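See structure below.
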Number of protein chains: 2
Amino acid sequence: MIRTVIVEDNDPLRQWLAVLIVGTDGLENLGAFSSAEAALPRLGSLRPDVLLLDRHLPGMSGVQLARRVKERFPATQILMLTVEDGPEEIFEALEAGASGYLVKRQSPTAILAAIQEVHRGGAPMSSQVARLVVEHFHARGRRKAVADDLTARERDTLEFLAKGYRTKEIARELGVTADTIHTHLRHIYEKLHVRSRGEAIARYLGG
Amino acid sequence: MIRTVIVEDNDPLRQWLAVLIVGTDGLENLGAFSSAEAALPRLGSLRPDVLLLDRHLPGMSGVQLARRVKERFPATQILMLTVEDGPEEIFEALEAGASGYLVKRQSPTAILAAIQEVHRGGAPMSSQVARLVVEHFHARGRRKAVADDLTARERDTLEFLAKGYRTKEIARELGVTADTIHTHLRHIYEKLHVRSRGEAIARYLGG
DNA sequence: AAGCGCATCCCCCGGACGGGTGAGTCAGGG
DNA sequence: CCCTGACTCACCCGTCCGGGGGATGCGCTT
């Protein structure tokens with residue numbers, strides 16, 4: 001039996017979700033709240049397996065609630081519901097601890113399947129969301145590609161640079177003198193068109 | 001009509017995929033190669049819509065091929081096929097430009113559906129892959145959470161720091177003197193338990 | 001009113017860093 | 001065989017940075 005809690009400020013939608021859940025075998029609804037503030041103090045005793053969460057809530061947002069819930073009850077799986085959103089909102093929700101991300105206007109079967117999938121340890125997301133996630137990785141790849149015309153030693157140096165190592169520490173790791181690393185660094189800056197460590201790290205790790 | 005090309009070194013599997021595709025309405029197979037080296041010179045004239053790519057290939061790997069293909073023909077959608085892989089392999093493939101990532105032992109219908117979905121602009125991935133991707137974001141979120149007990153001004157400073165700005169530039173952006181930023185930085189280092197810019201940026205952006 | 005956290009600014013010091021120049025070795029290609 | 005590119009090391013110089021003080025004012029809590 002999967003134990004769920006709903007937090008959604010839209011009354012008809014919240015009730016529709018509750019009806020959907022109680023009418024399905026294997027699913028159980030422990031509570032339905034219209035705000036994060038109302039839900040938060042009850043979650044400790046309810047301990048749901050899956051939390052259905054609206055991203056847009058009056059007062060504390062669904063994202064903030066997700067963060068808090070994940071801090072205290074990491075085992076709770078969070079399924080984020082939302083209207084149309086951009087990349088920023090989606091990544092913020094995923095970073096806050098959401099394991100699934102669905103746009104609201106989905107078929108009942110899709111929503112129920114998502115609840116079960118997230119409880120199984122899956123990560124249900126609508127195809128627009130999956131696409132954005134994939135593009136996020138593509139962008140990362142393109143950023144790292146700027147390091148393509150670095151020499152082997154320069155790539156080694158950049159690798160340690162991106163871990164926050166100082167010149168001396170990189171020198172020790174690579175078994176050369178600090179002067180050599182100094183030279184590598186200058187070449188890296190030239191090729192990456194930057195003028196400082198911080199800029200190089202930011203360019204490599206992406207911001 | 002979706003035009004596909006297969007690159008897979010396992011002979012039976014390659015032929016099975018080809019048969020699967022030619023026997024399906026709306027799908028067309030332009031070629032099936034057993035190595036990246038064999039496929040690469042032909043892709044320019046074949047121009048497939050979707051490229052089915054094995055991750056493990058003798059010689060040039062599927063990941064390297066994906067990188068090259070995406071460089072020259074960004075419109076080609078890449079669907080990566082693989083046996084069981086870890087997070088590193090998966091992220092590397094996604095960064096190389098793959099839009100979908102499937103474990104090989106999938107039902108024929110799942111593979112065909114994935115080809116169509118990736119062509120529609122979706123991002124089909126098996127649930128294990130989706131889970132790893134989601135956990136990647138969770139880890140990012142936990143890293144950024146270390147910045148939680150920073151003050152508002154310190155967060156502002158960290159934001160610019162992570163863009164590679166130097167002290168003076170941050171000062172200009174925030175409309176204060178460099179001395180003030182200097183103070184903020186010292187507090188940031190203290191709270192993040194680091195002793196340099198590079199370490200702070202690496203901790204914040206994660207690596 | 002007193003205390004506290006925050007933000008702002010200031011001074012000082014030693015070491016780290018960015019940038020310029022030069023130079024030796026060694027492998028590979030013309 | 002010489003030339004080139006990669007890697008290595010060295011020295012110099014001016015600036016930036018990390019870390020240590022201290023100071024003021026503001027708003028909030030007690």
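Lettering of chains follows the sequences in order, A, B, ..., and the numbering in each one begins at 1. Quantities reported herein were computed from a predicted structural model and do not represent experimental measurements.
When rounded to the nearest whole Å, the span between CZ of B:R197 and C1' of D:dG18 equals 10 Å. Taking atom CD1 of residue A:I181 and atom C1' of nucleotide C:dC17, one finds them 14 Å apart after rounding to whole Å. Note: NE2 (A:H182) to P (C:dA23) measures 18 Å, nearest angstrom. When rounded to the nearest whole Å, the span between NE2 of A:H187 and C1' of C:dG22 equals 12 Å. In this structure, B:H184 places its NE2 atom 15 Å from P of D:dC17, rounding to the nearest Å. Rounding to whole angstrom units, CG of residue A:L185 and C1' of D:dT8 are separated by 14 Å. The distance from atom CD1 of A:I201 to atom P of D:dC17 is 13 Å, rounded to the nearest whole Å. For the pair B:L158 CG and C:dA7 P, the interatomic distance rounds to 13 Å; values are reported in whole Å.
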Exercise for the section: Carefully, step by step, assess B:D54 and B:K104 under the rule salt bridge (Lys or Arg N to Asp or Glu O under 4.0 Å). Expected result: CA-CA 9 Å; B:D54 184 14; B:K104 278 178 183 173; 3.3 Å; yes

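Using the six-membered ring where Trp is involved, A:H136 and B:F137 have ring planes that are tilted, between 30° and 60° apart.
Neither side chain, A:T183 nor A:T180, offers a donor N or O lying under 3.5 Å from an acceptor on the other.
Counting only heavy atoms from C-beta outward, the side chains of A:F91 and A:V133 approach each other to under 4.5 Å.
Closest contact between the side chain of A:R153 and the listed nucleotides C:dG19, D:dA10, D:dC7 involves D:dC7. Listed nucleotides: C:dA7, D:dA10, C:dC10. Nearest to the side chain of B:T151: C:dA7.
At a threshold of 4.0 angstrom between heavy atoms, the contacts of B:T183 include nucleobase atoms, whether or not backbone atoms are also involved. Residue-level contact check: B:T180 touches the bases, meaning some heavy atom is under 4.0 Å from a base atom. As judged by a 4.0 angstrom heavy-atom cut-off over every strand, B:R186 is placed among the base-contacting residues.
Considering only side-chain N and O atoms, B:T167 lies under 4.0 angstrom from the phosphate OP1 or OP2 of D:dC17. For B:Y189, no side-chain nitrogen or oxygen approaches OP1 or OP2 of D:dG19 to under 4.0 Å.
In this structure, the side chain of B:R153 engages the main chain of B:L174 through a donor-acceptor pair within 3.5 Å.
For B:E154 and B:D179, each mapped to the nucleotide of DNA chain C holding its nearest heavy atom, the one lying further toward the 5' end belongs to B:E154.
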